[in-house]
Amino acid sequence: MKYTISVLHTGPFGVNTYIVPLEGNRVFIVDPACCEYCHDSQLVTDFIIKNELEPVAVVLTHGHFDHVAGLPALLCDFPSLAIYIHPLDAQYIGKESGAAHKEVLMNMGFDAFMPSVCNLPEATNFMNEGDVLFSSWNVLHTPGHTKGSCCLYNEEQRVLLSGDTVFYGSYGRTDLPGGADREMMDSLRRLHSELSEDVLVYPGHGESGFLLPQAGKFWGV
């Protein structure tokens, strides 16, 4: 049976929000940014209801505003959802989330988005390097874009959910708070050395489902 990950483009920067299948009709959601500000707050919920899916968790590859703004809408519709994030990015969600996002949004001249990321739902689970989520998704801690950036790797399916660590032909920016060039290069070297050539990459933005080496040749690592 073909393994199919669905992608919805949500939020102010068209984040790739993934609906990832588990057993039966169960799924987990990656990086939702659907919110009232962008008039797409029901986009993920509508997809789930239409396809008769049972969401069990939200997994945040990192904490930037354009990846977490969908939490309130989803938790309103599915209050039992678990929320996973790396502890080093935990400040971007929860009751004090507004303070964590303020610097970036002010510097971008996008402070109008602040209400969308204030007082976000709290994490229910912290994921760390070496953890296995939902029996088959390995957590790879890949700092560089943020301190707590993570990728999820499914070895059986040869799929990498890379967040903003790897893009098609590029990688995530390192000039925002918590970013670091050296850490990003180390993370990219790790992925390039540890993962096989047939891995398909599903990033946080842009083209998805591309082979890892196509990105690797652009990394210069």
Side-chain angles (χ1 to χ4, degrees), residues 1-8 15-24 26-32 55-64 67-68 81-90 123-174 178-180 183-219 221:
M1 184 177 68
K2 184 178 180 181
Y3 187 79
T4 302
I5 295 175
S6 299
V7 58
L8 303 173
V15 163
N16 291 338
T17 295
Y18 296 112
I19 313 299
V20 184
L22 297 170
E23 70 279 356
R26 297 170 74 244
V27 297
F28 68 93
I29 302 162
V30 179
D31 292 350
V56 298
V58 173
V59 178
L60 303 172
T61 62
H62 64 290
H64 279 161
H67 290 249
V68 304
L81 283 176
I83 302 174
Y84 289 80
I85 195 169
H86 191 279
L88 292 179
D89 272 16
T124 61
N125 300 78
F126 292 121
M127 57 183 183
N128 289 281
E129 169 70 31
D131 289 349
V132 180
L133 306 186
F134 320 118
S135 301
S136 55
W137 289 92
N138 296 283
V139 176
L140 308 178
H141 181 212
T142 52
H145 185 60
T146 66
K147 293 295 184 185
S149 286
C150 290
C151 298
L152 295 182
Y153 176 52
N154 188 315
E155 184 174 8
E156 180 181 356
Q157 299 295 335
R158 295 292 194 270
V159 167
L160 181 75
L161 305 174
S162 67
D164 284 6
T165 298
V166 179
F167 300 137
Y168 181 78
S170 185
Y171 52 86
R173 62 189 295 180
T174 59
E183 289 184 337
M184 178 63 82
M185 292 301 105
D186 287 343
S187 293
L188 295 175
R189 289 189 188 97
R190 177 194 179 187
L191 295 175
H192 196 51
S193 64
E194 292 184 8
L195 303 186
S196 60
E197 294 182 353
D198 59 348
V199 169
L200 295 178
V201 181
Y202 290 77
H205 300 269
E207 182 175 339
S208 60
F210 56 88
L211 288 170
L212 186 64
Q214 292 179 308
K217 66 182 180 181
F218 289 95
W219 293 344
V221 294

Residue pair Asn128 / Val139, side-chain heavy-atom distance below 4.5 Å
no

For the side chain of Thr174 and the backbone of Gly144, is there at least one donor-acceptor N/O pair under 3.5 Å apart?
no

Shortest non-hydrogen contact from Ser196 toward Asp198:
OG-OD1, 2.5 Å

Between atom CG of Leu60 and atom OG of Ser149, what is the distance when rounded to the nearest 0.5 Å?
11.0 Å

Side-chain heavy-atom pair Met185, Tyr171 within 4.5 angstrom cut-off:
yes

Minimum-distance pair of heavy atoms, taken over all atoms of Phe167 and Pro203:
CD2-CB, 3.9 Å

For the student: nearest non-hydrogen atoms of Leu88 and Lys147, plus distance
CD1-O, 3.6 Å

Would you call the rings of Tyr168 and Phe210 parallel, tilted or perpendicular, where under 30° means parallel and over 60° means perpendicular?
perpendicular

With a 3.5 Å cut-off and no angle check, do the side chains of Thr142 and Thr165 form a donor-acceptor pair?
yes

On a heavy-atom basis, the closest approach of Pro55 and Ile29 is CB-CD1, 4.0 Å

May I ask you to check whether Ser208 and Asn16 show a side-chain donor-acceptor distance below 3.5 Å?
no

Going by salt bridge (Lys or Arg N to Asp or Glu O under 4.0 Å), name the residues that satisfy it together with Glu129, two or more places apart in sequence or in a different chain.
Arg190

What residue pairs, at least two apart or across chains, pass salt bridge (charged side-chain N to carboxylate O under 4.0 Å, His left out) with a residue in residues 162-171?
none

Quick one: salt bridge (Lys or Arg N to Asp or Glu O under 4.0 Å) partners of Glu156, sequence neighbours excluded?
none

Would you say the side-chain atoms of Thr61 pair up with the backbone N or O of Cys150, donor to acceptor, closer than 3.5 Å?
no

Taking Thr124 for the side chain and Ile83 for the main chain, is one N or O donor matched with an acceptor at less than 3.5 Å?
yes

My understanding is that only residues two or more places apart in sequence, or in another chain, count here; which of them pass ring pair (Phe, Tyr, Trp, His ring centres under 6.0 Å) with Phe28?
Phe134, Trp137

Among all residues two or more places apart in sequence or in another chain, which pass the ring pair (Phe, Tyr, Trp, His ring centres under 6.0 Å) test with His86?
His141

Heavy-atom closest contact (Val159 atom, Tyr153 atom, distance)
O-CD1, 3.3 Å

For Val68 and Gly63 the tightest heavy-atom approach is CG1-O, 3.7 Å

Are side-chain heavy atoms of Val27 and Val20 found at a separation under 4.5 Å?
no

Sequence neighbours left out, what passes salt bridge (Lys or Arg N to Asp or Glu O under 4.0 Å) with Arg26? Give chain and number order.
Glu23

Which value, rounded to the nearest 0.5 Å, describes the distance between Leu140 atom CG and Leu161 atom CG?
10.0 Å

